[in-house]
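Written below as structure tokens is the structure these notes are about.
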Amino acid sequence: MIPIANPEITDLEKESVMKVMDSGMLASGPRVKEFNDKFAEYVGADYGIATTSGTTALDVAVKATGLEEGDKVITTPFTFIASCNSLLYSGIEPVFVDIDPLTYNIDSYKVLEKLEEDPDIKGIMPVHLFGQPADMDTIMRLARKYDLIVIEDAAQAHGAEFAGEPVGGIGTAGIFSFYPTKNMTTGEGGIVVTSDKEVADNAKLLINHGLTDRYYHEELGFNYRMTDIAAAIGLEQLKKLDDFNKSRRENAMKLTEGISDLNWLVTPKVAEKRSHVFHQYTIRVINGFRDDLVEHLEENGIGYGIHYPRLAYQQPIYKKLGYDSFDCPEAEKASRQVLSLPVHPALSDENINEVIRVLRAFKPGK
Ligand SMILES: *Cc1c(COP(=O)(O)O)cnc(C)c1O
């Protein structure tokens, strides 16, 4: 079985964790501070505030940037549910806009249309899906023109760049996830990054019960603090991130070389000005052959993922809340066609050749 994800933990991470164990400081301490600084620097932001997950980082980013109950925020329905859930946590209304069929990211022209139609929109949350940056040029231009808060969901895009600028550090705030399947891990974990001091100060309060002095709580906060154990893993993983991403890119290139001539699938495209870090290598399976391909992959021991089989507004909880009438035909089509193949750095050349061989042996419609 070739798995769809396989986090690489070596003696380096284990030794760092053992040092934390021996130090007696298991909760948030010096390793978290170091991780905050190093990760923020890596993405070109002034501040990093590590959290317990990508989801809690999103919750903090939404609240720390000053978005409020009743505000409307544009986002994509073709994402992991945490993106838009983070808006609901603060009573904010997600406004779903369709995707660009080539990159699977939010379509910036549709964003413009929506902004012209609805003057009440306060923010936009682009998601750099599968490791490919969204169209940050246009998004930031629109944000300046319409005075919007921009929260980048970069949970899948550690190290990806738009026009040479690392994602996450471009908008008002950005977030990353360090779940084990992501491009780097801390076990569970996340981080908010920003270059706005006020947003950073708010985020620091929010993750720590609004504490400004010993047992003095200025704001309604939470306990979303990362542990030094997690940060110790993250510091080692961060050193390897560029190598991880390099091998993801190389694996993606080999897969594309091996399968792009097959007429029943479409390989991933990298749009202009973007560097793609291939959190996922996602193909489209056309003519309704996806279910047959899934069966074929299962029979042949190739791991796969469907990211994502349902749009956010098609989920029962969103329907229950009344979010069911959005016009996103490209996102709906993508949700019926996409399938992700193994692309992670732990794959050997033999593994990749096996994935290619199994795909080439698939006879659609037979
Ligand atoms: C993984 C992910 C998250 C949530 O991160 P967790 O660490 O799992 O909470 C948010 N948004 C996107 C796009 C993700 O892929």
Side-chain angles (χ1 to χ4, degrees), residues 4-5 7 35 39 43 48-63 73-90 92 94 96-97 99 103-106 124-134 136 139 150-160 167-168 171 173-193 203 206-207 222-227 230-231 233-234 237-238 245 248 276-282 305-313 315 317-318 331 334-335 338 340 343-344:
I4 180 78
F35 185 62
F39 196 87
V43 299
I49 304 94
T51 63
T52 49
S53 71
T55 304
T56 53
L58 277 166
D59 189 20
V60 168
V62 166
K63 292 178 164 94
V73 171
I74 288 178
T75 193
T76 167
F78 191 56
T79 180
F80 182 57
I81 200 70
S83 311
C84 41
N85 275 0
S86 73
L87 300 172
L88 297 187
Y89 299 154
S90 291
I92 291 160
F96 294 109
V97 166
I99 59 166
T103 62
Y104 304 107
N105 282 321
I106 200 162
I124 171 161
M125 179 184 285
V127 180
H128 307 299
L129 200 71
F130 305 146
Q132 169 148 240
M136 291 309 289
I139 289 169
V150 178
I151 298 173
E152 293 177 75
D153 182 342
Q156 305 186 352
H158 321 65
V167 300
I175 74 93
F176 293 83
S177 162
F178 305 116
Y179 188 72
T181 56
K182 306 289 161 109
N183 292 40
M184 60 170 279
T185 187
T186 62
E188 292 274 11
I191 196 167
V192 179
V193 294
L206 283 162
I207 66 158
F222 307 89
N223 174 1
Y224 286 167
R225 300 180 305 261
M226 182 179 270
T227 64
I233 303 172
Q237 291 265 304
L238 182 58
N245 285 342
R248 284 177 181 274
H276 193 322
V277 292
F278 287 97
H279 169 60
Q280 299 293 352
Y281 181 91
T282 303
I306 309 281
H307 307 110
Y308 295 89
R310 243 186 216 97
L311 304 183
Y313 62 77
Q315 296 289 350
I317 175 63
Y318 279 76
S335 71
V338 289
S340 306
V343 73
H344 56 79

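Only heavy atoms go into these numbers, but all of them, side chains included; no hydrogens, no water, no symmetry mates. Numbering of residues begins at 1 and proceeds along the displayed sequence. Small disclaimer: the values here were computed from a predicted structure and weren't measured. Counting starts at 1 for both ligands and their atoms, following the listed order.
G159 and N245 get closest at one heavy-atom pair: CA-ND2, 4.1 Å.
Taking 4.5 Å as the limit, some side-chain heavy atom of I92 sits within range of a side-chain heavy atom of V62.
The ring pair (Phe, Tyr, Trp, His ring centres under 6.0 Å) test applied to H344 returns no partner, not counting sequence neighbours.
Contact residues for ligand 1 (protein heavy atom closer than 4.0 angstrom to any ligand atom): S53, G54, T55, L58, T79, F80, A82, S83, V127, D153, A155, Q156, S177, K182, G189.
Atoms CZ and OG1, on R225 and T52 in that order, are 10.0 Å from each other to the nearest 0.5 Å.
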>> Checking F178 against F39 for the ring-ring contact (aromatic ring centres under 6.0 Å, His included) test, could you report, in this order, the C-alpha distance in whole Å, the side-chain angles of both residues, the deciding distance, and whether it holds?
In response: CA-CA 12 Å; F178 305 116; F39 196 87; 5.3 Å; yes
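The local environment of OH in Y308 is crowded, with over 12 non-hydrogen atoms from other residues, nucleotides or ligands closer than 6.0 Å.
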